[in-house]
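Comments concern the structure below.
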Amino acid sequence: MNSPLQTDLYQLTMAAAYWQAGKAEQESVFHLFFRRLPFHGGYAIAAGLEPALKWLEDFRFRAEELDYLASLRTRNDHPLFREDFLAYLADVRLELDIDAVPEGSAAFAHEPLLRVQGQILHAQLAETALLNLVNFQTLVATKAARICHAAAGGPVFEFGYRRAQGPDGGLGASRAAFIGGCEGTSNVLAGQQFGIPVRGTHAHSWVMSFDDEQEAFDRYAEAMPDNSTLLVDTYDTLDGVDKAIATARTLREQGHELSGIRLDSGDLAWLSQQARAKFDAAGFPGVKIVASNDLDEHLIESLRHQEAKIDVWGVGTNLVTAADQPALGGVYKLAALRRDDGSWQPRIKLSEQTAKSSIPGRLQVRRFVEGGKFIGDAIYDVDRTFGETTTIIDPADPIRTKEIPAGTEAVELLQPVMKGGRRTGPAESLETIRTRCQENLAALHTGILRLKNPHAYPAGLEEGLHEHREKILRELR
Ligand SMILES: Nc1ncnc2c1ncn2[C@@H]1O[C@H](COP(=O)(O)OP(=O)(O)OP(=O)(O)O)[C@@H](O)[C@H]1O
Ligand SMILES: O=P(O)(O)OC[C@H]1O[C@H](OP(=O)(O)OP(=O)(O)O)[C@H](O)[C@@H]1O
Ligand SMILES: O=C(O)c1cccnc1
């Protein structure tokens with residue numbers, strides 16, 4: 001269930017202070033972005049927007065939540081929040097305007113995934129939940145895209161729920177993994193909630209519960225004649241394969257075909273080759289070989305190079321926990337405040353490293369396309385004009401620039417998804433989002449998709465914004 005208390009306490013203490021200082025309604029703009037691509041990769045896949053919009057829509061303080069806030073005391077035992085502030089909170093709805101990168105889109109460092117505009121108190125109360133939802137799902141969707149890229153079209157099933165970061169993390173991970181390209185999940189709740197195809201085999205316990213492996217296979221096939229993928233590695237894998245072939249023969253006599261076998265230990269390359277040869281020789285070329293066991297994109301790539309005969313990949317822990325990088329470092333930064341005359345005043349957070357200083361203004365991203373491929377992204381300020389040709393400057397390394405000629409095809413990445421707290425359209429289906437992800441990946445040059453040392457996609461600041469930011473930084477220093 002969504003709750004406005006899915007936040008950090010400081011958002012609420014700041015809200016109280018904005019309110020008391022008479023600043024609560026100050027019109028503001030925040031951006032949600034990350035500074036570094038995850039997994040040393042070349043791209044990220046934006047995800048988590050839909051649950052974020054749902055959270056924003058559902059936002060309101062109910063009696064029990066206000067009672068809890070009223071119960072909070074300071075160290076010297078005064079109420080933390082004034083009663084009149086809590087009465088004000090009771091009526092707060094988040095009337096925000098949100099422009100966002102559609103889920104499933106390729107995204108790069110420094111680009112706003114979300115632009116949040118509205119009363120500063122509202123924008124602040126949304127920060128933590130937005131970060132939580134977008135950071136995690138973007139991370140897992142990106143991991144899934146990498147894993148599916150390594151599998152090169154061989155279906156990947158997500159088997160992670162048992163080792164996911166809690167029930168909620170597991171559910172969100174299943175959603176994000178599907179966006180990133182997985183074809184199904186073992187997570188039945190994710191199937192029910194999101195319509196993701198549910199898939200699976202059986203566990204070692206099934207085989208272990210019988211005295212005889214052959215009998216275990218036969219009984220499972222009897223119960224699931226059209227959905228039997230037999231786990232063959234409980235004792236001796238190749239012996240298990242022979243028994244699975246015997247089961248396949250019995251099934252065929254009854255008019256059914258064995259779906260597959262699963263390998264879950266040992267040398268997956270060698271065993272899959274041996275198993276494939278055995279099934280082919282026995283007249284079962286259609287039996288699929290599923291592999292699992294601590295797989296990730298690097299192992300899958302290696303197994304493919306070893307010419308493993310694996311048709312389907314079952315990937316759990318490393319996918320849903322994004323094991324090699326457990327968090328995306330997404331941040332939410334104030335970028336502009338509205339002056340009384342209606343104009344926007346840019347705001348910036350200074351940092352020792354220029355690249356870490358925030359980007360001021362109300363930002364949009366223009367993505368340039370040539371021959372169906374993405375060739376560069378320019379982050380620009382919607383309140384500043386810029387010329388015919390576009391120069392993109394890497395904020396981390398201003399010597400790296402890219403010129404985009406006038407007239408190059410372009411799309412605006414951030415799309416309006418919420419106005420005054422109401423959605424501008426219906427929720428997108430997960431299939432639409434997943435298809436967008438496939439299309440976006442196909443529009444990236446292969447060097448960017450590479451798992452290791454990828455080519456750096458030209459994403460950066462439009463020259464005018466870069467200079468404007470440098471000027472503000474110089475003045476502040
Ligand atoms: N041909 C291969 N090349 C590279 N890595 C492989 C290959 N075959 C298996 N692996 C990976 O090596 C790791 C260890 O495999 P191994 O079978 O020793 O695992 P295990 O978990 O110890 O086995 P068990 O499940 O029996 O305990 C796993 O991550 C597995 O995916
Ligand atoms: O390795 P992962 O990528 O996380 O993939 C899922 C793993 O979970 C299961 O093992 P588990 O030992 O939990 O149960 P089992 O008895 O079915 O093998 C399955 O057999 C896989 O090995
Ligand atoms: O169905 C499977 O094979 C499965 C499900 C969850 C985890 N590991 C494997």
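Numbers here simply count residues along the sequence, with the first being 1. Remember, it's 1-based here, ligands and their atoms both numbered in the order they're listed. All heavy atoms count here, side chains included; hydrogens, waters and symmetry mates do not.
Among protein heavy atoms, atom 15 (P) of ligand 2 sits closest to H204 ND1, 3.4 Å. In this structure, the protein non-hydrogen atom closest to atom 4 (O) of ligand 2 is T317 OG1, 2.5 Å. Of the protein's non-hydrogen atoms, the one nearest atom 6 (C) of ligand 3 is R162 NH2, 3.6 Å. In terms of protein heavy-atom proximity, atom 3 (O) of ligand 2 is closest to G316 N, 2.8 Å. The protein heavy atom nearest to atom 9 (C) of ligand 3 is F159 CD1, 3.3 Å. Protein heavy atom closest to atom 17 (O) of ligand 2, with residue, atom name and distance, is A203 CB, 3.4 Å. The shortest contact between atom 10 (O) of ligand 2 and any protein heavy atom is with R163 NH2, 3.7 Å. What sits closest to atom 14 (O) of ligand 2 on the protein, heavy atoms only, is R162 NH1, 3.2 Å.
Every atom of ligand 3 with a heavy atom of T201 under 4.0 Å away is listed here by number and element: 1 (O), 2 (C), 3 (O). The distance from ligand 2 to the heavy atoms of N293 drops below 4.0 Å at these ligand atoms: 1 (O). Remark: ligand 1 atoms within the under-4.0 Å shell around heavy atoms of D294 are 29 (O). Set against the non-hydrogen atoms of S265, the atoms of ligand 1 under 4.0 Å away are 17 (O), 23 (O), 24 (P), 25 (O), 26 (O). Numbered from 1 in the order shown, with element, the atoms of ligand 3 that lie under 4.0 Å from a heavy atom of G200 read 1 (O). Close contacts of ligand 1 with Q306, meaning ligand atoms under 4.0 Å from a residue heavy atom, involve 1 (N), 2 (C), 3 (N), 4 (C). Each of the atoms 8 (N), 9 (C), 17 (O) of ligand 1 lies under 4.0 Å from some heavy atom of G266. Taking a cut-off of under 4.0 Å to the non-hydrogen atoms of A269, the atoms of ligand 1 that pass are 1 (N).
Of the possible donor and acceptor atoms, one in the side chain of W206 sits under 3.5 Å from a partner among the backbone N and O of A216. Judged by distance alone, with hydrogens and angles left aside, the side-chain atoms of T201 form no donor-acceptor pair with the main-chain N or O of R262 at under 3.5 Å. Judged by distance alone, with hydrogens and angles left aside, the side-chain atoms of Q117 form no donor-acceptor pair with the main-chain N or O of D97 at under 3.5 Å.
For atom 5 (N) of ligand 1, a protein heavy-atom neighbour is found at a distance under 4.0 Å. Within 4.0 Å of atom 1 (N) of ligand 1, at least one protein heavy atom is present. Less than 4.0 angstrom separates atom 12 (O) of ligand 1 from none of the non-hydrogen atoms of the protein. Closer than 4.0 Å to atom 21 (O) of ligand 1 lies at least one heavy atom of the protein.
Ring planes of Y457 and F108: parallel class, angle under 30° (limits at 30 and 60°). The aromatic rings of F159 and F157 lie parallel to each other, their planes meeting at an angle below 30°, with 60° marking the opposite boundary.
Contact annotation: for R262 versus ligand 2, heavy atoms closer than 4.0 Å belong to the side chain alone. With a heavy-atom cut-off of 4.0 Å, D233 does not touch ligand 1 at all.
Between the side chains of N2 and D58, a donor-acceptor pair is found at a separation under 3.5 Å. Q306 and S302 form a side-chain donor-acceptor contact under 3.5 Å, judged by distance and modelled atom types alone. A side-chain donor from one of Q214 and T247 sits under 3.5 Å from a side-chain acceptor of the other. Checked by atom type, the side-chain pair S3/E65 shows a donor-acceptor distance below 3.5 Å. No hydrogens or angles considered: a donor-acceptor pair under 3.5 Å links the side chains of H204 and D233.
On a distance-only criterion, N293 and ligand 1 share at least one N/O pair closer than 3.5 Å. The N/O atoms of S186, backbone and side chain alike, include none that comes under 3.5 Å of an N/O atom in ligand 3. Checked by distance only, ligand 1 and L268 come closer than 3.5 Å through their nitrogen or oxygen atoms. Geometrically, ligand 3 and R262 share a nitrogen or oxygen pair separated by less than 3.5 Å. The N/O atoms of L295, backbone and side chain alike, include none that comes under 3.5 Å of an N/O atom in ligand 1.
Scanning both residues, L465 and I379, for their nearest heavy atoms gives CD2-O, 3.4 Å.
No salt bridge links K373 with E370; every basic N to acidic carboxylate O contact stays at or beyond 4.0 Å. Ion pairing between a basic and an acidic side chain is recognised when a charged N comes within 4.0 Å of a carboxylate O; E352 and K356 show no such pairing. Ion pairing of K452 with E301 is absent here, as no side-chain N (NZ or NE/NH1/NH2) approaches a carboxylate O to less than 4.0 Å. Of the charged side-chain nitrogens involved, at least one lies within less than 4.0 Å of a carboxylate oxygen, so that E428 and R436 count as a salt-bridged pair.
Selection from D264, D233, D294 by nearest heavy atom to atom 1 (O) of ligand 2 gives D294.
A cation-pi arrangement, defined by a distance under 6.0 Å to the six-membered ring centre and an angle within 45 degrees of its axis, is absent between K333 and F33.
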